[in-house]
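Single-structure report; data block below.
When a ligand or atom number is given, it counts from 1 through the structure's own listing order.
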Amino acid sequence: MDNNTSANPAGSHGPIVSLRRVRKNFGSLRVLDDVSFEIAPGQVASLIGRSGSGKSTALRCIDRLETVQDGEIFVDGLPVHDPALELRSLRLRVGMVFQSYNLFPHLTIEQNIMLAPCKVRRIEKAAARDLAHHVLAQVGLLDKRASYPEQMSGGQQQRAAIARSLAMQPKVMLFDEVTSALDPELTGEVLKVIEGLAADGMTMLMVTHEMGFARRVSNKIVFMHKGRVWEEGTPAILTNPQTEELSQFVKSEL
Ligand SMILES: Nc1ncnc2c1ncn2[C@@H]1O[C@H](COP(=O)(O)OP(=O)(O)OP(=O)(O)O)[C@@H](O)[C@H]1O
Ligand SMILES: [Mg+2]
């Protein structure tokens with residue numbers, strides 16, 4: 001485990017995301033137990049592990065949807081664990097996409113995407129529309145910009161949700177099982193979009209059960225078990241697990 005506490009997380013060459021000895025409890029249940037890992041600029045990391053191992057909680061702590069009991073989390077130098085942190089500055093840096101798309105049904109895709117840049121980043125409408133077109137082209141949905149969510153497939157809605165996050169021009173994208181509600185053919189088109197972002201150099205942390213995808217696209221794997229980082233390394237750890245737990249997990253996911 002990389003536990004280099006002498007690194008300066010606020011430095012421009014430091015990691016985009018850094019967790020140090022993070023502890024998180026829900027009541028008496030310890031869900032994150034001494035969790036430490038880092039994501040460097042441009043790195044694509046996959047967070048894997050059995051159900052209940054703490055993957056979603058880790059992502060939610062990075063975006064401060066949950067607060068931690070102990071330890072430190074830095075995002076682009078911002079101390080996320082600090083109760084005084086201004087959340088707006090964090091939200092400008094982190095894009096998060098979930099299994100559910102949460103698009104506004106009464107707005108077109110273009111309007112859905114323009115909303116946050118206008119309200120949160122206070123960008124002019126015309127510039128926000130240009131931005132919306134740019135990110136829609138990135139996810140292959142420019143021709144759907146005037147459609148309403150219900151007129152699109154699940155895969156298209158998820159790609160629109162990704163575009164909505166991209167429009168905020170985040171420093172890091174967090175994906176939590178974004179394809180698990182989709183049919184296999186729709187899963188493929190969403191994974192292709194994520195793969196494109198990886199190729200463009202976007203820093204990403206994704207929770208995924210798509211092992212083949214994780215192996216192909218990510219350059220870092222973090223395997224969590226019982227709230228701990230059990231194994232961590234390049235995708236090679238999936239073919240050569242050092243622990244019985246990862247070995248079992250890889251077999252179960254085949
Ligand atoms: N808001 C909450 N209140 C209480 N317990 C919670 C809460 N959220 C999560 N937990 C518990 O924390 C543990 C870790 O949950 P988490 O959702 O992080 O797991 P996960 O690795 O994402 O699992 P999955 O693969 O099923 O999504 C589980 O035991 C879960 O029941
Ligand atoms: Mg989860």
Side-chain angles (χ1 to χ4, degrees), residues 1 17-39 44-75 80-81 83 87 90-91 94-102 154-155 157-158 161-162 165 172-184 186-187 190-191 194 204-215 217-218 220-233 235 237-238 241 243-254:
M1 204 190 319
V17 176
S18 153
L19 281 76
R20 291 180 181 174
R21 316 207 64 160
V22 169
R23 291 209 168 90
K24 168 74 187 167
N25 303 330
F26 285 116
S28 60
L29 181 69
R30 176 152 296 172
V31 177
L32 298 181
D33 191 3
D34 215 3
V35 167
S36 304
F37 62 84
E38 291 185 343
I39 303 168
V44 178
S46 288
L47 195 51
I48 62 170
R50 279 167 45 181
S51 181
S53 58
K55 306 179 297 294
S56 294
T57 304
L59 287 199
R60 292 171 58 81
C61 288
I62 293 169
D63 202 21
R64 254 288 279 282
L65 297 168
E66 303 283 357
T67 54
V68 302
Q69 267 75 46
D70 200 8
E72 297 179 323
I73 301 178
F74 289 93
V75 172
V80 179
H81 53 276
L87 282 181
L90 179 66
R91 300 278 183 262
V94 182
M96 186 140 169
V97 183
F98 304 90
Q99 186 178 321
S100 56
Y101 331 118
N102 302 321
Q157 289 187 53
Q158 188 58 290
I162 293 171
S165 275
V172 57
M173 289 280 287
L174 309 177
F175 294 100
D176 195 355
E177 305 209 39
V178 294
T179 62
S180 53
L182 300 173
D183 294 337
L186 300 181
T187 293
V190 172
L191 295 183
I194 295 175
M204 300 195 276
L205 174 60
M206 52 192 183
V207 175
T208 182
H209 282 283
E210 304 280 342
M211 283 306 123
F213 178 72
R215 198 185 301 236
V217 173
S218 39
K220 178 170 189 151
I221 304 277
V222 178
F223 170 63
M224 287 187 64
H225 185 70
K226 295 187 172 166
R228 290 179 156 260
V229 174
W230 211 258
E231 274 197 53
E232 176 185 353
I237 66 170
L238 298 175
T243 60
E244 184 56 28
E245 290 78 6
L246 180 54
S247 178
Q248 288 292 337
F249 177 76
V250 170
K251 276 180 204 149
S252 71
E253 294 292 316
L254 280 179

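Of the candidates R23, R30, K24, R20, D70 forms a salt bridge (Lys or Arg N to Asp or Glu O under 4.0 Å) with just one, namely R23.
Contacts between T57 and ligand 1, counted as non-hydrogen atom pairs separated by less than 4.0 Å, involve both the backbone and the side chain. Contacts between R50 and ligand 1 below 4.0 angstrom, taking non-hydrogen atoms only, involve the backbone exclusively. With a heavy-atom cut-off of 4.0 Å, L29 touches ligand 1 through its side chain alone.
The distance criterion of under 3.5 Å between nitrogen or oxygen atoms is not met by F26 with respect to ligand 1. Here's the thing with E66: none of its N/O atoms is less than 3.5 angstrom from an N/O atom of ligand 1.
Here the side chains of V172 and I62 are not in contact, with every heavy-atom distance at 4.5 Å or above. A 4.5 Å side-chain heavy-atom check between V190 and L182 finds at least one atom pair inside the cut-off. The shortest distance between side-chain heavy atoms of T187 and F213 does not fall below 4.5 Å.
Among all heavy-atom pairs drawn from L32 and C61, the shortest one is CD1-SG, 4.0 Å. Between Q69 and N25, the shortest heavy-atom contact is OE1-N, 2.5 Å.
Of all the listed residues (A58, G52, G227, G27), G52 holds the heavy atom that lies closest to atom 20 (P) of ligand 1.
The aromatic rings of F249 and F223 lie tilted to each other, with the angle between the two planes from 30° to 60°.
Ligand-side atoms of ligand 1 in range of S53: 19 (O), 21 (O), range being under 4.0 angstrom from any heavy atom. The atoms of ligand 1 that sit less than 4.0 Å from any heavy atom of S56 are 17 (O), 18 (O), 20 (P), 22 (O), 27 (O).
Metal site remark for the Mg ion (ligand 2): S56 contributes an N, O or S atom at a distance under 2.8 Å.
By the definition of a contact as any protein heavy atom under 4.0 Å away, atom 2 (C) of ligand 1 is in contact. Counting protein heavy atoms under 4.0 angstrom from atom 15 (O) of ligand 1 gives one or more.
S18 contributes no side-chain N or O that, together with a main-chain N or O of E38, makes up a donor-acceptor pair within less than 3.5 Å.
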